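Atoms considered below: every heavy atom in the structure, side chains included; atoms not considered: hydrogens, waters and symmetry mates. Values in this document were obtained by computation on a predicted structure and should not be read as measured data. In what follows, chains carry the letters A, B, and so on, assigned in the order in which the sequence lines appear, proteins first and then strands, with residues in each chain numbered from 1.
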Amino acid sequence: MAFRQKLFFIKNQGRKLAENPTSHLFMAKEITSREENYSQWYIDIVQKANLADNSAVRGCMVIKPNGYALWENMRDQLDRMFKETGHVNAYFPLFIPKSFLSKEAQHVEGFAKECAVITHHRLMNAPDGSGVVVDPSAKLEEELIVRPTSETIIWDTYRTWINSYRDLPLLINQWANVVRWEMRTRLFLRTAEFLWQEGHTAHATKDEAVAETRTMLDVYATFAEEWMAMPVVKGVKTANERFAGAEDTYCIEALMQDGKALQAGTSHFLGQNFAKAFDVKFSNKENQQEYVWATSWGVSTRLIGALIMTHSDDDGLVLPPKIAPTQVVIVPIPKPTPEIDEAANKLMKELRSKGIRVKYDTDDQKRPGFKFAEHEMNGIPVRLGIGARDLAEGKVEVARRDTKEKANQPVEGIADYIIGLLDEIQQNLFDRAAAFRTEHTTKVDNFDDFKSVLEGKGGFVSAHWDGTSETEEKIKELTKATIRCIPLNNPQEDGKCVLTGNPSKERVLFAKAY
RNA sequence: CGGGGUGUAGCGCAGUCCGGUUAGCGCACCUGUUUUGGGAACAGGGGGCCGCAGGUUCGAAUCCUGCUACCCCGACCA
């Protein structure tokens, strides 16, 4: 493959240059450009911004402090939004009895191929002294599955919690880790173990459950757009892409910089499938037994991957101010002095009093240039430089990460200026991503255009589809593109399926996806 | 699960084809000096069970056999 050769070439070139002490091309923190190799760029960002690392365990990552701080901010905001919409948190077991999983037929079919299974509960010293082995006498009566998702254990529990319509709705969320034994993993985007939240709600009526599904979809979309500055399309999945056990799967779909789509969150209307599988009934006002209606919804650490691929650039991570762990960093130039410390501390106090997350870089070993590059790599939205010159002029140097512009600002009133700037950066990131998505959403009306757009500029392709799974499969085979969603509030228009020519009454969004 | 790689210092690699002093290089780390407004320079220094287990040999990072781990690309998925 040409791609491999290119990579090989780069490796060799790197080797030669590394031997040359005058070369600055392969400094420790240099990252691969997006143009050169997008997926290597992604890996470089994750590792060099210290977000995460591969671990000793296949497919499982170590989330490092920088990455975890980001997750904490995302989690905290989502948690607030869940609570504002009436939900409470609870926690259910990590393990699920094997028999539970098979109670809902489609559900088990969807997850069976990627389950980690617990078969024993004890180790013993190996007879030959070579270490420890599984004690065969400690075999479990029934194997346990490490949860790939918790519908089954939760619905088994709900049976005992729900008796009357007065117990409904039951609006519960849990923050947890889950395990899906994926064939191939990528940091944040798809790991064998990942962190997420899963909401599981129970309702007396279908309408109420559907409304809940849509409410949570809106919460996700609001979070993605207002906090992550990541524009998303709200839509509904086709039968092929539906969650195992759901009647309808709603989703938010985002577009990454390489033109591939990423499912950023899902909200499922589960109908009465799980209520029937786990026999969860309630007495209605007329004292008749009815099955409960269900929803589930989740977002995961994958959002961090989405964030990276939406905003970051060849200099490193770019973070939206609202979720950046550190929003402002102060760099003493060229190094800390009592005068600069005093000015910085005063500045920090003022910024913190206005709720800004600010840090002062007191490292007296590294030089300013190094720090500039490092803070840019880490995606800190605003950098303030203070040196003797600035102190004398009563100014600070303000550098923004998104545009890399620098300007001198009077210290007087700087807090308000920075509050405005953070808002502006947040908005600029969203606008930039939205413009990219608009530019990379293409309407096509025949299959040749369909293919050439996908192979060329990529992105979302808006096209007519005859509504059959067969056609969807065929298109996937031919182009690797899938239907990302049928957008909500989709305009109705008569057209012909881009593949079969059969009649269609609305366009759907296709894309290659992560 | 198929295809392709790679395991040598914390990280990135050279050395392996063709066996031979004490296993090298860059970055990082430690000490010191000079520096410091966009990734500092010099000098000195520390750090290795060459993935694991066997074998061949006077001698193995290098050759042979077996094992194992991880990465990348596909099919599967959030």
Quick check: any donor-acceptor pair below 3.5 Å linking the side-chain of [X] to the base of [N]?
| X | N | value |
| --- | --- | --- |
| A:Arg190 | B:C77 | yes |
| A:Glu376 | B:G38 | yes |
| A:Lys335 | B:G37 | no |

How close or far is atom [atom2] of [N] from atom [atom1] of [X], stated in whole angstroms?
| X | N | atom1 | atom2 | value |
| --- | --- | --- | --- | --- |
| A:Lys113 | B:A78 | NZ | P | 11 Å |
| A:Ile380 | B:G38 | CD1 | P | 19 Å |
| A:Gln365 | B:U35 | CD | C1' | 12 Å |
| A:Phe372 | B:G37 | CZ | P | 8 Å |
| A:Asp363 | B:G38 | CG | P | 17 Å |
| A:Glu182 | B:C77 | CD | C1' | 4 Å |

Looking just at side-chain N and O atoms, do [X] and [Y] make a donor-acceptor pair shorter than 3.5 Å?
| X | Y | value |
| --- | --- | --- |
| A:Gln174 | A:Ser150 | yes |
| A:Thr32 | A:Asp44 | yes |
| A:Trp41 | A:Ser39 | no |
| A:Tyr42 | A:Asp258 | no |

Original post:
Phosphate oxygens OP1/OP2 of B:A40: is one of them under 4.0 Å from a side-chain N or O of A:Arg367?
Top reply: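 Yes, within the criterion.
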Closest to the [X] side chain: [options]?
| X | options | answer |
| --- | --- | --- |
| A:Arg180 | B:C72, B:C77, B:G38 | B:C77 |
| A:Lys480 | B:G37, B:A75, B:U36 | B:A75 |
| A:Pro334 | B:U36, B:G39, B:C77 | B:U36 |

Please measure how far the [atom1] atom in [N] lies from the corresponding atom in [M], and state the result in whole Å.
| N | M | atom1 | value |
| --- | --- | --- | --- |
| B:G39 | B:A28 | P | 14 Å |
| B:G74 | B:C17 | C1' | 31 Å |
| B:G54 | B:A60 | C1' | 14 Å |

Subject >> Pairing nucleotide - B:G44, Watson-Crick or G-U, each distance under 3.5 Å >> reply: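 Base-paired to B:C30.
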